[in-house]
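Right, one structure below, let's go through it.
Order of the sequence lines fixes the chain letters, A, B, ..., with proteins taken first and strands second; residue numbering starts at 1 for each chain.
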Number of protein chains: 2
Amino acid sequence: MNIDEVAHAAGVSTATVSRALSGRGSVSPATREKVVEAARNLGYVVSQAASTLASGRNRNVGIVVPFLDRWFFTNVLAGAQERLMHAGYDITLYNLAGRGDERRIVLENFLPRQRVDAVIAVSLELTECEVTRLRELGKPIVGVGGPIEGVRTLALDDIAASRLATEHLLSLGHTRIAHIGGDAASDRDFHMPLKRRRGYEQALRTAGIDLDEHMVGGADFTVQGSYRVAKLLLGRPQRPTAIFAASDEMAIGAILAAQDLGLSVPQDVSIIGIDDHDTAEFFGLTTIAHYPRAQGALAVDILLAQIEPNAAEPPAETPLPFDLIVRRTTSRPRPEQG
Amino acid sequence: MNIDEVAHAAGVSTATVSRALSGRGSVSPATREKVVEAARNLGYVVSQAASTLASGRNRNVGIVVPFLDRWFFTNVLAGAQERLMHAGYDITLYNLAGRGDERRIVLENFLPRQRVDAVIAVSLELTECEVTRLRELGKPIVGVGGPIEGVRTLALDDIAASRLATEHLLSLGHTRIAHIGGDAASDRDFHMPLKRRRGYEQALRTAGIDLDEHMVGGADFTVQGSYRVAKLLLGRPQRPTAIFAASDEMAIGAILAAQDLGLSVPQDVSIIGIDDHDTAEFFGLTTIAHYPRAQGALAVDILLAQIEPNAAEPPAETPLPFDLIVRRTTSRPRPEQG
DNA sequence: GTGAAAGCGCTAACAA
DNA sequence: TTGTTAGCGCTTTCAC
C-alpha cells in the first residue's frame with residue numbers, strides 16, 4: 001500500500017496525493033476530497049521513512065531525561081507528550097539513568113541518527129563537550145529545568161522560589177528555620193539544590209538572621225532520605241520551629257519524622273516544600289507550585305515555532321510562574337516558653 | 001555527510017560501507033577497520049530514514065501506556081527502555097492519558113505510520129475493534145500488565161498474588177480482613193482490581209470465612225483515596241484487624257489512616273499491599289513484590305527475538321514471579337478482649 | 001491546480 | 001570479499 005495506489009485510485013498523480021494529504025502546496029477542494037477518500041478506503045498512511053528521506057522532516061521530537069521515575073520528569077514528559085501528539089509529532093524518549101555509559105551512547109549514537117527534528121533536554125547538566133555535541137546536531141534544542149550553556153532553557157528561578165518559601169516562614173514569625181536540601185551526590189549532578197539553598201540563605205540574611213550550619217541538612221530528594229535528616233534536625237535541643245525542604249517529597253519525609261517524634265505539624269514545626277506534588281494536597285502541605293506539565297508544553301511550543309513552517313509566534317521569554325500555596329503545614333510558631 | 005563520502009574516504013564502495021557499519025554481510029577485518037575509521041573521522045552516522053526505507057527495519061519500538069505518572073508504568077517503561085537502548089533501538093512513547101481522543105489518534109494515526117518495528121502495550125484494556133487495528137499493523141506485539149486478546153501478554157497472576165497476600169494475613173491468625181480495591185471507574189477501565197478482589201475472596205472462602213461486603217472498600221489507587229476508605233473501614237464498631245490493599249500506595253493510605261485514628265500498625269491493624277513500591281521499605285510495608293522493571297525488560301526480549309535476525313531464543317512462557325516480602329506492618333492480631 | 005521526473009541516502013540482490 | 005545497481009516511497013522543483 002503506497003502512494004501510487006492511492007494516486008491511481010483517485011485518478012491523480014502521486015504529487016497531488018502528496019500535496020493533498022500533507023497540506024502543503026495547493027490542491028483544489030474537489031481533488032483533495034477525492035484523494036482523502038481514496039486514502040481512507042485503502043487504509044493508506046504515509047510512510048514516515050520515505051517522507052523523511054524526501055523532505056528532511058521527521059515529525060519527531062526527542063526528549064532526554066535523567067530519570068524516569070521522578071515526579072518532575074514524568075510531568076514534564078507528560079506535558080510535552082500531550083502537546084506533541086496533538087501537533088502530529090511522535091516523541092522519542094531517551095533516558096540517561098543507568099550505570100554511566102548511557103549518556104555517551106545517547107549523545108553519540110542515538111541523537112545524531114537524525115531521527116528527530118528537535119530535542120528537549122530535561123534537567124540535564126552537561127559537560128562542555130556534551131553541549132558541543134548536542135549543538136553540533138544543528139537541531140533546535142530547548143532545556144527544561146537545568147540551564148544548558150547557550151541553549152534556551154525553561155527553568156524555575158530556584159533562588160527566588162526558595163526565597164519566597166523561606167519568607168513565608170519568616171513572615172509567620174519563625175526565626176529558627178532549618179533547610180533540607182541536596183546531599184553531596186545530588187549537588188554534584190545538579191545545580192538546583194545549591195540554588196535552593198542559596199535562596200534560603202538570602203532570605204535569612206535579609207531578615208537579619210545568622211546562618212547556622214547545624215540548621216541545614218542534605219538528603220537525596222526522597223521521602224526516606226529526608227525523614228532521616230529531619231529526625232536529626234528535630235532531635236536537637238534548640239530545634240527549629242520550621243523546616244523548608246527543597247522538594248515536596250522531602251517535606252513529606254519531614255512531616256512523617258515530626259509525627260514520629262511526637263511533634264505536631266504545624267503547632268510544633270511548620271513545614272514547607274517546593275513542587276506541589278500530587279500528594280501535597282493530601283498532606284495539607286504548604287508549598288511553592290511550579291507546574292512541570294506546563295513547562296513541558298511550553299518547551300514544545302518553543303520548538304514547534306522553530307520547525308513548523310507556519311507555526312505560531314514563539315512564546316515570549318517570560319520567567320516561569322511559581323506560586324505560594326498555603327495549606328495546613330505552616331503557621332505561627334508557638335510562643336517561646338520559659 | 002552521507003555514505004558516499006565515507007566510501008570515498010575509505011576507498012571502498014557504498015555497499016561495503018553499509019556492510020561494515022551495520023554488521024550484516026561479510027567484510028574483511030582490514031576493510032572494516034578502514035571504514036570505521038573513516039566514518040569516525042567524518043563524524044558519520046547512518047541516516048535512519050534512508051536505512052529504514054531501504055531495509056524495512058526501523059530499530060524502533062513503540063510503547064503505549066495509559067498514564068505516565070504511575071509507578072507501575074514508569075517502571076515498566078524504564079525497564080524496557082534500558083534493554084532497548086543497549087540493543088541499539090530507539091523507543092517511541094505513546095501516552096493514552098488525556099481527554100479521550102488520544103486512544104483513537106494513537107491507534108489510527110501514529111502506530112500505522114510504520115515508524116516502529118514492534119509495540120509494547122502496557123496495561124491496555126482494548127476494545128475488540130482496537131485489538132483488530134493493532135493486529136492489522138502486522139507488527140509483533142506484546143502486552144504487559146493487561147491481557148490483550150490474541151496477544152502474548154506478561155501479566156502478574158493477580159488472583160494468585162492476592163490470594164498469597166490474604167493467606168499471609170490468615171496465617172497470622174486474622175479473620176476480620178478488609179480489602180481496599182478499585183472503585184467503579186478503575187474497575188471499568190481495568191480488570192486488575194477485580195482479579196485482586198477475586199483472590200482475596202478465594203482465600204477467605206478457602207479458610208471458611210464468610211465474605212462481608214462491609215469489609216470491602218473501593219478507591220482510585222491513590223494514597224489519598226485509600227486513606228478515606230480506610231478511615232471508614234477502621235471507624236466501624238467491629239473493625240477489621242487487617243487490611244489487604246490492592247496496591248502499595250493504597251496500603252500506605254491505610255497506614256496513615258490508622259495512625260490518624262490512633263491505631264498502631266501492626267498491633268491494632270495489620271496492613272499488606274501489592275507492588276513493592278519505592279517507598280514500601282520506608283514504611284516497613286509488608287507486600288507482594290512483582291518487579292515491573294523486569295517485566296519491561298522481558299517484553300523487549302520477547303520482541304527482539306522476533307525482529308532481530310540472529311537474536312537469542314525467545315524467553316519461555318513462564319509465569320511472572322511474585323514474592324511475599326514480610327516487613328513490619330503485619331503481625332498476629334491482638335488477642336480478643338472481652 | 002496538476003503532472004513528470006529527479007532525487008533523498010541507504011540496502012540487498014546479483015555479479016564479479 | 002567487494003562492487004554495481006536497482007529500488008525503497010515519498011516530496012518537490014519545474015513545466016504546463
> Hey, which of these two, V27(A) or T14(A), hits DNA chain C nearer its 5' end, going by closest nucleotide?
Replying inline: V27(A)
Tell me: [atom1] of [X] to [atom2] of [N], nearest whole Å?
X: L21(B); N: dA12(C); atom1: CG; atom2: P; value: 13 Å
X: Q114(B); N: dC10(D); atom1: CD; atom2: C1'; value: 12 Å
X: L53(A); N: dG9(C); atom1: CG; atom2: P; value: 7 Å
X: E5(A); N: dC10(D); atom1: CD; atom2: C1'; value: 14 Å
X: D4(A); N: dA4(C); atom1: CG; atom2: C1'; value: 13 Å
X: H8(B); N: dG3(D); atom1: NE2; atom2: P; value: 13 Å
X: R113(B); N: dC10(D); atom1: CZ; atom2: C1'; value: 14 Å
X: R24(A); N: dC10(D); atom1: CZ; atom2: C1'; value: 13 Å

Taking only the side-chain heavy atoms of [X] (C-beta and beyond), determine which of [options] contains the nearest atom.
X: A50(A); options: dT11(D), dG9(D), dC10(C); answer: dG9(D)
X: S28(B); options: dT1(D), dC10(C), dA13(C); answer: dT1(D)
X: T16(A); options: dG3(C), dC8(C), dG3(D); answer: dG3(C)
X: R57(A); options: dA4(C), dT11(D), dG9(C); answer: dT11(D)
X: Y44(A); options: dA12(C), dC10(D), dT11(D); answer: dC10(D)
X: A54(B); options: dC10(D), dG3(D), dG7(D); answer: dG7(D)

> Taking the six-membered ring of Y291(A) as reference, does the NZ or CZ atom of R293(A) fall below 6.0 Å from its centre and within a 45° cone about the axis?
Replying inline: no
>> I'd like to check the ring-ring contact (aromatic ring centres under 6.0 Å, His included) partners of F72(B); sequence neighbours left out, ordered by chain and number.
In response: H290(B)
Strictly below 4.0 Å: does [X] bring a side-chain N or O up to OP1 or OP2 of [N]?
X: S26(A); N: dG1(C); value: yes
X: S13(B); N: dT2(D); value: no
X: S18(A); N: dT11(D); value: yes

Below 4.0 angstrom, N of the basic side chain to O of the carboxylate: do [X] and [Y] qualify?
X: R83(A); Y: D301(A); result: yes
X: E37(B); Y: R40(B); result: yes
X: R133(A); Y: E130(A); result: no

>> Can a donor-acceptor pair be found, under 3.5 Å and without considering hydrogens, that links the side chain of D90(A) to the backbone of R59(A)?
In response: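 Checked: no pair found.
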> Any donor-acceptor pair under 3.5 Å between the side chain of R19(A) and the base of dG3(C)?
Replying inline: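 Such a pair exists between side chain and base.
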> Mapping R32(B) and V46(A) to their closest nucleotides on DNA chain D, which lands nearer the 5' end?
Replying inline: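 Between the two, 5'-proximity favours R32(B).
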> Taking the nucleotide of DNA chain D with the closest heavy atom to each, which residue, S22(A) or S55(B), is nearer the 5' end?
Replying inline: S55(B)
> With sugar-phosphate meaning primed atoms plus P, OP1 and OP2, does V12(B) contact a base, only sugar-phosphate, or nothing at under 4.0 Å between heavy atoms?
Replying inline: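 Here V12(B) touches the backbone only, sparing every base.
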> Base, sugar-phosphate alone, or nothing: which one does T52(A) contact when heavy atoms must sit under 4.0 Å apart?
Replying inline: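 The answer is nothing, as T52(A) stays clear of every strand by at least 4.0 Å.
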